[in-house]
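In listed order, ligands and their atoms are each counted from 1.
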Amino acid sequence: METIFTKIIKGEIPCYKIAENEKFFAFLDINPLNGGHTLVVPKKHSSYIFDMDDTDLKEMMVFAKKVAKAIEEAIPCKRIGVAVIGLEVPHTHIHLVPLNEENDLNFRKQRPQFSKEEMQKIADDIVATYNKK
Ligand code: 5GP
């Protein structure tokens with residue numbers, strides 16, 4: 001099944017890429033709750049996280065952990081919040097959101113605006129810490 005995220009993975013739609021491996025891909029959310037808000041997706045399409053097979057689900061969490069540790073090091077925050085919603089895009093994804101307060105994980109909050117240059121700098125900083133790991 002083709003989704004906006006399968007197009008991002010294939011490079012047909014641009015994104016601020018953070019990391020990838022054989023099975024998973026991470027990139028900045030285009031409408032972030034906070035600077036550094038990242039989405040982790042499986043390359044093999046699944047629309048619902050709890051329909052993934054056990055091995056893929058475990059491996060996706062381990063990949064998300066490495067991405068979260070890189071975000072945590074690159075972006076000043078207390079910790080990385082994790083959410084799974086999936087009501088907008090029917091392609092499994094984990095939201096990784098730098099948190100300073102509980103409201104940073106409130107999907108109805110007013111979202112900060114970042115220029116393309118700011119988004120690129122955030123991505124570059126996270127990629128640099130990811131590549132050190
Ligand atoms: P959910 O499906 O979990 O409710 O939300 C989907 C998330 O994907 C939203 O936070 C939204 O900002 C993000 N999103 C939707 N379309 C795109 C896109 O084309 N590129 C990127 N980077 N993020 C997107």
Requested in this report: Could you go through the side chain to side chain contact (heavy atoms under 4.5 Å, CB included) check for Phe63 and Asn21 one step at a time?
Outcome: CA-CA 8 Å; Phe63 177 76; Asn21 68 13; 3.5 Å; yes
Query raised in the report: Taking the six-membered ring of Tyr130 as reference, does the NZ or CZ atom of Lys66 fall below 6.0 Å from its centre and within a 45° cone about the axis?
Result: yes
For ligand 1, which part of [X] has a heavy atom less than 4.0 Å away: the side chain, the backbone, both, or neither?
X     : result
Ile8  : side chain
Ile4  : side chain
Val84 : neither

Requested in this report: State whether the number of non-hydrogen atoms from other residues, nucleotides or ligands found under 6.0 Å of Arg79 atom CZ is greater than 12.
Outcome: no
Query raised in the report: NZ of Lys10: more than 12 outside heavy atoms within 6.0 angstrom?
Result: yes
Query raised in the report: Between Asp29 and ligand 1, is there a nitrogen or oxygen pair with a distance under 3.5 Å?
Result: yes
Query raised in the report: Any N/O of Ile13 closer than 3.5 Å to an N/O of ligand 1?
Result: no
Report task. Indicate the ring-plane relationship of Phe25 and Phe27, choosing parallel, tilted or perpendicular according to the 30° and 60° boundaries. Result -> tilted
Requested in this report: Could you tell me how the ring of His37 sits relative to the ring of His95: parallel (under 30°), tilted (30 to 60°) or perpendicular (over 60°)?
Outcome: tilted
Query - Test item, Leu39 contacting ligand 1 (heavy atom, 4.0 angstrom) - result: yes
Show me which atoms of ligand 1 lie under 4.0 Å from any heavy atom of [X].
X     : value
Phe27 : 21 (C), 22 (N)
Asn31 : 12 (O)
Gly86 : 1 (P), 2 (O), 3 (O), 4 (O)

Query raised in the report: Do Lys78 and Glu101 sit within salt-bridge range, that is, some charged N less than 4.0 Å from a carboxylate O?
Result: no
Query - Cationic N near anionic O, under 4.0 Å, Lys132 to Glu73 - result: yes
Query raised in the report: When you measure from atom 22 (N) of ligand 1 to every protein heavy atom, which one gives the shortest distance, and what is it?
Result: Leu28 O, 2.9 Å
Requested in this report: Taking the side chain as every heavy atom from C-beta outward, state whether Thr92 and Ser47 have any pair of such atoms under 4.5 Å apart.
Outcome: no
Nearest-option assignment for [atom], heavy atoms, candidates [options]:
atom                    : options                    : result
atom 23 (N) of ligand 1 : Val41, Ile94, Val89, Ile30 : Ile30
atom 8 (O) of ligand 1  : Phe107, Tyr16, Phe5        : Phe5
atom 3 (O) of ligand 1  : His93, Lys17, Glu88        : His93

